[in-house]
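Each chain gets a letter, A, B and so on, in the order the sequences are listed, and its residues count up from 1.
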Protein chains: 2
Amino acid sequence: MQSDDKHRRATIHDVARAAGVSAATVSKVLRGVKTVRADNAERVHKAVSELGYRMDPLASGLRGEHRRIIGAVVPDLESPFFGKLVTELESLAEAAGYHMIVASSRESEAREADLAARMNDWRVAGCILVPVRSERGPGAEKLLDFGMTAVLVDRVSADERFDTVSADNHEASASVADLLIGRQGHKHILLHGATRISKAIRNRLAGFGERARALDPGVVIDELLSDEPLETQRAAIRSYFDGKVNGHRPTAIFSLSQHSTLLVLSEIRRMGLRIPEDVALVGFDDADWMQTTWPSITAVAQPVSAIAKRAMTALLARVEGEHTGFPVQYLEPCTLLVRQSAGQSETERPRRSGRSG
Amino acid sequence: MQSDDKHRRATIHDVARAAGVSAATVSKVLRGVKTVRADNAERVHKAVSELGYRMDPLASGLRGEHRRIIGAVVPDLESPFFGKLVTELESLAEAAGYHMIVASSRESEAREADLAARMNDWRVAGCILVPVRSERGPGAEKLLDFGMTAVLVDRVSADERFDTVSADNHEASASVADLLIGRQGHKHILLHGATRISKAIRNRLAGFGERARALDPGVVIDELLSDEPLETQRAAIRSYFDGKVNGHRPTAIFSLSQHSTLLVLSEIRRMGLRIPEDVALVGFDDADWMQTTWPSITAVAQPVSAIAKRAMTALLARVEGEHTGFPVQYLEPCTLLVRQSAGQSETERPRRSGRSG
DNA sequence: CTTGTAGAATAAACCGATTTATCTTTGGAT
DNA sequence: ATCCAAAGATAAATCGGTTTATTCTACAAG
């Protein structure tokens, strides 16, 4: 299997010698170039497997301007969302014959810029960047400086310089309004989340608000947005509910992030309110525990796979010169996973009583 | 900042020309070799910054046997545990002047072996492997075949061929017994988890069992271990509790994995039992939601940082030839985070009543 | 005024592939 | 049989660094 003495690896020249051809021919065979006689290709393959030859992916790309490597930079690797994203991207890149190099910017814009430069050092063929904050961040700027081909993912809605891919936060939030207001007829709803000036959060607020008013101009929407520490937020939720006695209390809550959902959930339980009888709960961003906990939590699931697929497809199309037109903005649709915490929707259980919107 | 025409990068030869020295000298300066006259080093640095020169990390390692790269192979990137581990490892590797290449074996032993081979293709200086299942898996075998220097992490307790690092599952579980039996005096405890033949799970069972019997020979320990699908496990939990009426019901549960903790928690809630009044709950493996949910969940936190630090330190010591002795097995201590679900421990709130073990 | 030697500098070989420019075959048409 | 074009094969240049072997200094000792 391995070459004879010690751990010296077989090179393309060893293969060439064993097959009785030149190194150039071996290179052609290995890259699938067709201008090789069948018998020669045959002997090359035989020599490759006899010597256990494996190409050095680095030396391979040394000569050309780019190597068969795709870079990926994400804000962190500790959240399941990015973990899943990276896993899918890696899988897609490999299927297309590329290696993938992953790096975490650890939520730092300075590091993001550094990593962009580093990806350029690696001479990656293309790069997928999930910006720490905005599409105008230093990472994207560096990519532009270097003239790298790249695709921006998530946390971004539009950029006239790169292809971008993100979840359709606006429409997904509107579909939550459809469920809570259109189908279930809630008249008073609380929106809970962070204020962080992220395009994604703003789109969620806007998407819900617009659809809600369109469905029922009289609906009451309270907003409880804060970036305060955990305990402060817990207190804020309790005091909000204390202030709302009896009928003035909201009958449904839409939490705008996973963190927010968990917080709201635990406070509701602590206050002794029943879900969904006393108050319905829908969260943005799905998580494993939401399916297992009881009652299970209705949530908007982000289309990680679709995002990964679209991003890699778009990137490879650029890399391989199949697409040279203007930048494109892709929006991938989310899925609303209706579970127990939203109560029985009429669509789900049509035989229930008929009080709709 | 960047080189003049278009996007042609400056090479070491450009720097040499600009500084009026040879490429070899530039190389020495850049690698910190001391046999260079101060004034020459000075001019090299000036030229580097003027041309915005950045070394190509691939071409750099081409000649030597190894490149300044550390490989890391983990079973998945979607769980926060491995995500955090990889993040820390990356950070440590970079601090030591290495690049890091991460890959997920996606829980497949075949892929694990393939990745090991791939790491060898990259000529990494060293590799950190978290085996999919056991330390005898194909990945470790490949590493051995290739004569690579490597450290095995987690899911492994001992290997006479590689340095290994893992959490001290045995002792951590014993400390759970200390809490539940020694400090709180529980007489009847349920252990819940998967049966998977993983050394880690077996150590958790053994660690708890041994300490439990040492503290109170009369303690009753039930085990509910299963790899059945979700719904089957839920039913098993309910029927277990149905069979245990009144005083024969366990007063505490130790769940052996995060997944198990969530499952137990939701079933307990569904059955209407109060935590910790009716039954106390301690889980192995901490998660964000356990701190936020109400009541908060007592859990054993694995020492991710310590594991990462130890693993990288051990690997670099091997890579740089500072350590050449026999393989070492490191066990890193876990932390028991006592929260509401375990009830008031006497150590935490000493002014409470005094009924101890 | 040599000679010796340690310290610096460098030209050239090298790493392992790809690509180019050139040379050799092959096969078909005349 | 002759010639030519197309297909295949290959020697050599190349990528951007590192390493080696050699040359060049400078300075001290003889």
Colleague: Take atom CG of L58(A) and atom C1' of dT18(C), then tell me their distance rounded to the nearest Å.
Modeller: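 One finds 14 Å between C1' of dT18(C) and CG of L58(A), rounded.
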
Colleague: So, does R37(A) get its side chain near the phosphate of dA7(D), meaning an N or O under 4.0 Å from OP1 or OP2?
Modeller: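 R37(A) to dA7(D) OP1/OP2: no side-chain N or O under 4.0 Å.
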
Colleague: For K28(A) and dT19(C), give me the distance from atom NZ to atom P, rounded to whole Å.
Modeller: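 My rounded result for the distance is 11 Å.
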
Colleague: Tell me whether R54(B) contacts the main-chain N or O of D121(A) through its side chain, where contact means a donor paired with an acceptor under 3.5 Å.
Modeller: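 The answer is no, because no donor-acceptor pair under 3.5 Å joins these two groups.
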
Colleague: Rounded to whole angstroms, how far apart are CD on E65(A) and P on dG16(D)?
Modeller: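 Between P of dG16(D) and CD of E65(A): 10 Å.
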
Colleague: Do side-chain atoms of R111(A) reach the backbone of S104(A) as a donor and acceptor pair under 3.5 angstrom?
Modeller: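 Flag set: sc R111(A) to bb S104(A) pair under 3.5 Å.
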
Colleague: Find the distance H13(A):NE2 to dA12(D):P and express it as a whole number of Å.
Modeller: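 One finds 12 Å between P of dA12(D) and NE2 of H13(A), rounded.
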
Colleague: Has R9(B) got a side-chain N or O lying under 4.0 Å from the OP1 or OP2 atom of dG16(D)?
Modeller: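 No, outside the criterion.
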
Colleague: Which nucleotide, dA17(C), dT10(D), dG16(D), lies nearest any side-chain atom of A59(B)?
Modeller: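 The closest nucleotide is dG16(D).
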
Colleague: Got a donor-acceptor contact below 3.5 angstrom from the R123(A) side chain to the E65(A) backbone?
Modeller: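 Absent.
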
Colleague: Check this one for me: any side-chain N or O of S60(B) less than 4.0 Å away from OP1 or OP2 of dT18(D)?
Modeller: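 Yes, S60(B) has a side-chain N/O under 4.0 Å of OP1/OP2 on dT18(D).
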
Colleague: Return the value, rounded to whole Å, for the distance between atom CZ of R43(B) and atom C1' of dA9(C).
Modeller: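 After rounding, the gap between these two atoms is 12 Å.
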
Colleague: Round to the nearest Å and state the distance from R68(A) atom CZ to dT19(C) atom C1'.
Modeller: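 Interatomic distance, CZ of R68(A) to C1' of dT19(C): 16 Å.
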
Colleague: I want to check one thing: is the phosphate of dA7(D), taken as OP1 and OP2, less than 4.0 Å away from some side-chain N or O of T35(A)?
Modeller: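 Checking dA7(D) against T35(A), no side-chain N or O comes under 4.0 Å of OP1 or OP2.
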
Colleague: Tell me whether the OP1 or OP2 atom of dT10(C) has a side-chain N or O from T25(B) closer than 4.0 Å.
Modeller: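 Yes, such a contact exists.
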
Colleague: Touch check for R123(A), heavy atoms < 4.0 angstrom, all strands: base, sugar-phosphate only, or nothing?
Modeller: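 The residue R123(A) makes sugar-phosphate contact but no base contact.
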
Colleague: Could you tell me if S22(B) and T25(B) have a donor-acceptor pair between their side chains, going purely by distance under 3.5 Å?
Modeller: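 Per modelled atom types, T25(B) and S22(B) side chains form a pair under 3.5 Å.
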
Colleague: Side-chain contact, heavy-atom cut-off 4.5 Å: L143(A) with C127(A)?
Modeller: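 Yes, side chains in contact.
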
Colleague: Any base atoms under 4.0 Å from R67(B), or only sugar-phosphate, or nothing? Heavy atoms, all strands.
Modeller: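 Answer is nothing: R67(B) stays at 4.0 Å or more from every strand.
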
Colleague: In whole angstrom, what separates K34(B)'s NZ from dA6(C)'s C1'?
Modeller: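 Computing the K34(B):NZ to dA6(C):C1' distance gives 18 Å.
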
Colleague: For the side chain of V36(B), counting heavy atoms from C-beta on, which of dT18(C), dG17(D), dA9(C) is nearest?
Modeller: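 For the V36(B) side chain, the nearest candidate turns out to be dA9(C).
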
Colleague: Should T11(B) be listed as having a side-chain N or O under 4.0 Å from OP1 or OP2 of dG16(D)?
Modeller: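 T11(B) to dG16(D) OP1/OP2: no side-chain N or O under 4.0 Å.
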
Colleague: Nearest heavy atom decides the nucleotide; on that basis, is N40(B) or L62(B) closer to the 5' end of DNA chain C?
Modeller: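 Here N40(B) is the residue nearer the 5' end.
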
Colleague: Spell out, as yes or no, whether a donor-acceptor pair under 3.5 Å connects the side chain of R318(B) to the backbone of T149(B).
Modeller: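 Side chain of R318(B) to backbone of T149(B): no pair is present.
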
Colleague: For I12(A) and dC15(C), give me the distance from atom CD1 to atom C1', rounded to whole Å.
Modeller: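 Taking CD1 of I12(A) and C1' of dC15(C), I get 13 Å after rounding.
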
Colleague: Which nucleotide wins on minimum distance to the side chain of A24(A), given the candidates dA11(C), dA8(C), dT10(D)?
Modeller: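 Output: dT10(D).
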
Colleague: Closest nucleotide of DNA chain C for G20(B) versus for R63(A): which of these residues is on the 5' side?
Modeller: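 Nearer the 5' end of the strand: G20(B).
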
